[in-house]
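By convention in this document, chain letters (A, B, ...) are assigned in the order of the sequence lines, proteins followed by strands, and residues within each chain are numbered from 1.
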Number of protein chains: 2
Amino acid sequence: MSHTLGIRQAQKQKTRQALLDAALGLLEEQSLSSLGLREVTRAVGVAPTAFYRHFRSTADLGVALVEEALGSLHPMIRTTVSTTGDSEERIARAIELIARHVDGYPAHVRFIARERHGGVQPVREAIRDQLARFAQEVKDELAKDPVSAGWTEDDLLMLAHLYVDQMLITASLFLEALEGPEREREERTRHVTQVATRQLRLIGLGRHHWLD
Amino acid sequence: MSHTLGIRQAQKQKTRQALLDAALGLLEEQSLSSLGLREVTRAVGVAPTAFYRHFRSTADLGVALVEEALGSLHPMIRTTVSTTGDSEERIARAIELIARHVDGYPAHVRFIARERHGGVQPVREAIRDQLARFAQEVKDELAKDPVSAGWTEDDLLMLAHLYVDQMLITASLFLEALEGPEREREERTRHVTQVATRQLRLIGLGRHHWLD
DNA sequence: CCATGCAGTTAACAACTGTTCTCCGTAATT
DNA sequence: AATTACGGAGAACAGTTGTTAACTGCATGG
């Protein structure tokens, strides 16, 4: 398939990525609905009109950012939920994985948390769709677990949504810990880990007694 | 105490409220970080400079909106959680109350959901503080319940946060149902109610088996 | 009843925004 | 080798923004 694309399209994708990166940086201190097209091109060092070669509007760029932030996350989700082992181990592993992801891509996490309920409709929809896909995938993995024997499809999906929302809340808390002063960072991270662990533990308990 | 304030201060508070109302309306289709001061005054029908008599900036106005949206909600929270009765009844009553609140104050709910992770730091902090107060109050009520016998303070607080976050998620889902086309409204509302009910039921199950 | 205080107005400022049109250089195609 | 396609630059547009200053009218307190 992917035959080496010409030096022309290569350059195009390069500046396109530069626009995305610059936008993501600028969005650390504002929302997408206030992000100006000129602001982005200025940060990249390119003429304002060049923007139109890549995106129709900043809202369009936002949708592309959603794809970049969440699109590549699906395989990770599947393997995380499906990992075998003690349920306590699985909880620890999932939270560790969230923490690492927030550490590696803080701007992406902030963007999703911010724009999930943000002021730009197409972006909200894109995020909602991606999260719905996550929930579906988590549901599929949950269905394989023997614990889920006798569960309704609806109930599996409601639990999956609970897990996905919980994942996002935890990621957002890790992010706040990262943003705070460096001295408190370690302690706050530990605290978030502890609380999130117990919340997942409690949800897991409810899950085991669902069919009583 | 509240001696009838003069016709002067009355007028001031009147336009102040008009500014808040207009801002809340404009924020249905954008985020606070893109809300312009002139935009607000124009909507009210007042000179741009009049804005400064009431707020230092739109961020300042945002903090005032947080107070308006969440400040008066504390008594409701306490009575909701503490209501006696079957745990199933309490769940139904809590969700019914959330649905009614979203119905009555959709713009407030949207504002809080949007700006909780929004681009304006002082507003984020104000919301975080109010939600932390909610969690504390929920914790205090949970502590009175016989089911909480033997629970750590930390564990009560982690459960309280779980409830508060869940409340916000549910409110946001109700809001989305309201915003959709009118034909689907009833069905979507019913669906949200059903899912939220089961999620609270599952969390309640986990709560009862926490000390196993 | 008069002097003070203050909510709101008017006018002006430099700076910024999104968008259009025209142009340039060069990679890609023939 | 000649032609086309296209990413990007440049200049100009009308409109908007936050903020300042000096003002006006009127409710308030002496």
Name the residue closer to the 5' end of DNA chain D, choosing between B:Ser57 and A:Pro48 according to the nucleotide with the nearest heavy atom.
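Nearest nucleotide further toward 5': that of A:Pro48.
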Show me, range against range, the stems involving DNA chain D, built from at least 3 consecutive Watson-Crick or G-U pairs below 3.5 Å.
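Stem list for DNA chain D: C:1-12 with D:19-30, C:14-17 with D:14-17, C:19-30 with D:1-12.
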Charged N to carboxylate O below 4.0 Å: is that the case for [X] and [Y]?
X        : Y        : answer
B:Asp155 : A:Arg201 : no
A:Lys144 : A:Glu141 : yes
B:Arg42  : B:Glu39  : no

Give me the atom names and distance for the closest heavy-atom approach of [X] to [Y].
X        : Y        : value
A:Gln130 : A:Glu67  : NE2-OE1, 3.3 Å
A:Ile203 : B:Leu202 : O-CD2, 3.5 Å
A:Arg188 : A:Ala177 : CB-CB, 3.8 Å
B:Ala135 : B:Ala160 : O-CB, 3.3 Å

Side-chain contact test, heavy atoms from C-beta onward, threshold under 4.5 Å: evaluate it for [X] versus [Y] and give yes or no.
X        : Y        : value
A:Gln194 : A:His191 : yes
B:Arg90  : B:Val81  : no
B:Glu125 : B:Gln121 : yes

Report the distance from atom CZ of A:Phe55 to atom CG of A:Leu37, rounding to the nearest 0.5 Å.
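Taking CZ in A:Phe55 and CG in A:Leu37, the distance rounds to 11.0 Å.
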Mind running a 4.0 Å heavy-atom check of residues 13-24 of chain A against DNA chain D and sending the residues that fall below it, in number order?
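Here the set is A:Thr15.
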Take atom [atom1] of [X] and atom [atom2] of [N], then tell me their distance rounded to the nearest Å.
X       : N      : atom1 : atom2 : answer
A:Arg56 : C:dT19 : CZ    : P     : 12 Å
B:Phe55 : D:dT19 : CZ    : C1'   : 18 Å
A:Glu39 : C:dT17 : CD    : C1'   : 10 Å
A:His54 : D:dG7  : NE2   : C1'   : 7 Å
A:Arg38 : D:dG15 : CZ    : C1'   : 12 Å
B:Phe51 : C:dA7  : CZ    : P     : 15 Å
B:Leu35 : D:dG18 : CG    : C1'   : 13 Å
A:Lys12 : D:dG8  : NZ    : P     : 8 Å

At under 4.0 Å between heavy atoms, which parts of nucleotides 20-30 of chain D does protein reach? Answer with one letter per nucleotide, 5' to 3': B base, S sugar-phosphate only, - none.
BB---BBBS--
Would you indicate what B:Arg42 reaches in the nucleic acid, counting non-hydrogen atoms under 4.0 angstrom: base, sugar-phosphate, or nothing?
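Sugar-phosphate, backbone atoms only, no base.
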